[in-house]
Structures are given as structure tokens and as C-alpha cells.
2 protein chains.
Amino acid sequence: MVLRAMRLSFIGRISGAFLIGTFFLVAVGMLAGTVLADPLPSWNEGAAKQAIIKFVNLVSDRSSPNYVTPKQRIATFDNDGTLWSEQPMYFQGFFALDRVKALALQHPEWKDRQPFKAVLENDMKALIASGEKGLMEIVMTTHAGMTTEEFERIVKDWIATAEHPRFNRPFTDLVYQPMLELLAYLRENSFTTYIVSGGGIEFMRPWTEKTYGIPPEQVVGTSIKLKLEMRDGKPVLMRLPEIDFIDDGPGKPVGIQKFIGRRPIAAFGNSDGDLQMLQWTAAGEGPRFMLLVHHTDGEREWSYDRQSPIGRLDKALDEAQRRGWTVVGMKKDWKKVFPFQ
Amino acid sequence: MVLRAMRLSFIGRISGAFLIGTFFLVAVGMLAGTVLADPLPSWNEGAAKQAIIKFVNLVSDRSSPNYVTPKQRIATFDNDGTLWSEQPMYFQGFFALDRVKALALQHPEWKDRQPFKAVLENDMKALIASGEKGLMEIVMTTHAGMTTEEFERIVKDWIATAEHPRFNRPFTDLVYQPMLELLAYLRENSFTTYIVSGGGIEFMRPWTEKTYGIPPEQVVGTSIKLKLEMRDGKPVLMRLPEIDFIDDGPGKPVGIQKFIGRRPIAAFGNSDGDLQMLQWTAAGEGPRFMLLVHHTDGEREWSYDRQSPIGRLDKALDEAQRRGWTVVGMKKDWKKVFPFQ
């Protein structure tokens, strides 16, 4: 009996040790898996990817003098050309033209009136000839004169149905897979990710949470004035045809201060319109990270920089090279551009 | 031997059961303690406290049709008169007058020039006689003409050293203990708490995190224009003497839409300047909570409402009574007003 009990106990211990051993092996394997899993799988190995990971590790290391508290880990992203494409024109431009066409039934007079006539006839030459005044008239006609809730619904409907002319896909399919991974990676490391875009704030908010994981309160953009009115005894916010704030170029640091009230420690852009945001970010104390997306991939996306009327990257490219900011070459650095590719 | 072993085993089981029993009693006690601990200890039992707790439970109950996801649990708070006192004048007014006195050395001409002369001679009658134009001159002289970083330092220095004339204490001591508990209670229940105040956004941001647990990016307020400039090769944001946005009355729903981009489900104010914020909150779908702080305690704080030039509560009080919004009587509903009392 005693011998048998000892044997059973021995076997029990053996199998206990085996189980414990297995458990530790699995646990260690899981930990190693966590540590070793590539957070940026669509990025080629190279200087850009290394610089991102090095920066995130640097500010997350509690024992380092470069440690940054999670609350201070503010990262700001331009949208057009940085998170999604911007060619052959800003996607909000397609929205405006589509809206003119949708509203034309209620405006028979547009058939004979510029700049609307040009839009309805797809006459881009005449549209461009209408100049800034003509374009502003199209923007205000399509973006103002309704409540904020009505505009939100209009944007949601459009983004769900409109297609990009080159790819014949929804515009939100033309987001950059590597940047989605970067947003997620930063958030996993306790960064708060903001959009700071020259695009319309209320044009972006209806879809940024689903597309990028960025909620409305973390979207900064260009705005028109709002006015509180009563309609059928209920308060509504009317969108007025008057510019409130232009969140582009020197406006980006202003927008950051207004909306966030803290200076970012990392900023991501792709054009001269982002230069001041990157300079403002770089001018803070402590570790900093500045990155430009360089559109170098005419096959998978578009190739443009210093001469492009849309998303011109000229002065900011020089500044990046002078100051050692990270420049991402789409063709060289990205395994994949769009999620569907 | 066998018998003794059985006895020991029996005792072991008994004491084991005793230990387990004790453990469970302690655990249940702790749980009960957690559940039963009063989240609002400075609030007297009564309709206001009950209404708050009922609302929080309502929106947090996943099985209820009134359940609200944490992301949608936006609560907006006025500041002056709702989170801290506002008598005998808005505390930012004391800041402005103190700044005139501090700057007077650099402006010898102010001795003979209104409205500055009135401030330097503590001549409130002459100051009021200078009218809105005079007051605006004082505001702009003391709030503009420096960088955002310089202004932040000025506010921090002032808030750390200035004292309220009645209580001879720092102004941040004059915050309402029951409201601090309410802010914490809401955040514990996954609400995001915003300040939406007529006060200056950059006057509040330097101290709201420490005082209320509300970080800069959750502060909405009145602002002056900012302009990016280069100074010694570094970008700075200059504060310009020009109003950008007035976050009061009908401006509050506008500020909420601009900065937050979501409609609150709960709003807290104390004056007619908060009426539109409460109406805007009430007009949304789903469960809503609107609360007014009524200053009824002349002993511990101040007593004022319909006739007060500062923090007038007249139309909003009528509307609250008509619509069944919660009205908190400071004297009746609060055990304690300030933390130091």
C-alpha cells in the first residue's frame, strides 16, 4: 500500500512537474510571441520602420530620462495624403462635385450659371477658370445651409456609396494599410492619436472612428461658422457659409493649441501644409518624432512631390532632409499600400 | 495512527472550512463595501442625489434599452458658479486686475489713463463707468501680447499665489466638494467629463487637471486669436488682442460641436449662460440629465439668482422647473460646500 501510494505520488509529481513545465513553456512562448510579433507587418525593414519603433520604445521606457507619461504621448496626423490618398484631387472635392449634381434638380438655374454649369457638364477647364471664388461658392453651397445633423447624414450617405474613379472602390478603401498599423501601434503604446487636417472637420468626423479608430473629439480640421437656432421648438446648429478656421499650414499649430492644448511629441504629414505642424512638434522639449510620407509609388498609388498642385511636398522635404526627420518612401518602405492590394 | 490522522484531517478540514468561511465573509464584506460605499458623501440624501445616481445606473445597465456606450457618455460642466465660485466677480476678473497692477511698473502712463487708473486706485466705480470698452481693454492688455507658453506660466504663477478676498485662500480652494465627488463618480462610471465655460480656455487649462482631474484637451472655453510666428528661429504662438470665440449662452452648443463633435448626455450649469447647453443636451435622443446649481447659501458661499449681475439664474430656473430638470439647492442639498469647510 505504502509503496503503491509512493509510486502514485511520484507519478503525480512527475505529471505535475510536466504540467507546470508545459505551462511555463506555453507562457514563455506567449510572452515571446507578444514581444516578437511585428507591430508593423506592412512596413519593409529599413530606417523608417526602425526609427518609429526606436522612438516608441524610447518614450515608453520608465527607466529612461526620455520617458514620456502616457498623457503627454500626443501624436498628430495629417489626413489627405498621409492617412488616405489625395489624387487626382482631395476627396472632399469629389464630395462637393457630387453634391452639386445631387442638388441640381432643386436648382434648374445652375444649368446656365458658372461655376455650377461647369460641374454639371464635367467641364474641369471651366471649373478651374472660375478661380478661387468659384470653388468657394461650390464649397459653401454644398457644405453650408443645413444643420450639423443633416450634414452628418449627407456625408455618411456619400462615404458609403461614392467610388474613387481610378480604383472603383469606396474612398475609405484608399487608406494606407501601413498607417493603420502605425495608428494602432501608437495607441497600443498609450499614445493618443489625433487627426489635424486641412480638410473639413465635419466632413471627417462621421467616418474617422470606423476607418481609423479616431473618435470625433480627436479630429481637428477646417471649419465654417455654426449658429444655434430654434426649429420647431428644438435647438439646431445651422452651418453658415462663412469660414471659421483654416487648419492648414500655419493654422495647424493654432488648431493643435485650440483643440488639444498640448504640444504633440510626434507628428505625421506628407506636404508643405504640414511643415509648421512638424516644426511646432520639433520645437518642444524632450524626445520628438517627425515623419513625412513621400508619394513615390506611381504604380500602386501616385508619384508626386515638388511640382504637384495637390499635396505639394517641397519646402517640407528640404527641411526634413536638413533636420533628419524620417521620410517614408511609399515604394521602398511599404510592402502594401492599400488594405485591398 | 489511522485514528489520529483522521482526527488531524478532521481538524484540518474544520479549520480549513473556518478559514474559507472567514475569507468569504471578508470578501463579501469588501464587495458589499464597494457596492454600498456612498459615491457622493457630501450630498444630503434627497431628490437631487437620487436623480444623479438613478441616471448613472440607468445608462450603465447593459440589459436596459437606455444603456449608453462609454464613448457616448459625455458630460459637460460649466465652470464659474458650477465647479468653483464666481462672487463677488468672476475669478478671471481678479486675475486681470492683478495683472494690470503687476504690469503697471512697465506702464507709468497708466497712472493717468482710464481704465487703468481706476484699477490702480481700486476705484471700482470708475472702472465700471469705463463700460464694456474699458473692460475689454483691460482683458486684452492682460491676456494678449504674449506667447501661449508665457501666458500659461503667468496663469500658473497667479493661481499658485493669489487669494480670494473673502476667504483669504487660493482661488482653487473655492471649488465645490460635492461637484468634485460628482466628477469623480461620473468618471468612475466611464463618463468623459468636459468643462464648457464662458471663461478663457487658456486661463483654465493650466490648473484644471490638478484641480478637477480634467485635462487640457477636455476644456472648452472662450478664446482669443492665435498667430504662429518665428522667434529666434523657433515657432511660437502669439496671443492676439482679438476675440476668436465666445463660449457662452448660444455659443456653448457651438463650442460643444466644434471641440467635442458629440452631443452630451448630461450637462451641469448654474446660470442663464448655461441654458442653451442644457437645452442642446436635452434635445438629444435617449436618456438625458440636466442639472442646475442654485446658489442658496449666503453663509457658506453666496446667495443669488434672478437679480445677480454675475451668474444670473432666471430664465434657466424657470425652464428647469417647467421641464423637470434637477435643481440643486446648495444650502439644502450639500453637506459641505468647499473642501476646507
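First the proteins, then the strands, lettered A, B, ... as listed; each starts at 1.
If you measure heavy-atom distances from B/E149 to chain A, the contacts under 4.5 Å come from the side chain alone. With a 4.5 Å cut-off on non-hydrogen atoms, A/E229 does not touch chain B at all. Interface remark: A/K258 contributes backbone and side-chain atoms alike to the contact with chain B (heavy atom separation under 4.5 Å).
Using a 4.5 Å heavy-atom cut-off against chain B, the contacting residues of residues 265-283 of chain A are A/Q276, A/Q279, A/W280, A/A283. Annotation: residues 182-204 of chain A contacts chain B through A/Y194, A/I201, A/E202 [non-hydrogen atoms, separation under 4.5 Å].
For the set B/L237, B/L226, B/D244, the entry with the most heavy-atom pairs within less than 4.5 Å of chain A is B/L237. Highest contact tally toward chain A, considering only B/K225, B/Q257, B/Q218, is held by B/Q257 [criterion: heavy-atom pairs under 4.5 Å]. Per-residue counts of heavy-atom pairs under 4.5 Å with chain A were compared for B/V220, B/I260, B/V219; the largest is that of B/I260.
Here the straight-line distance linking atom CZ of A/R262 with atom CD of B/E209 works out to 5.0 Å at 0.5 Å rounding.
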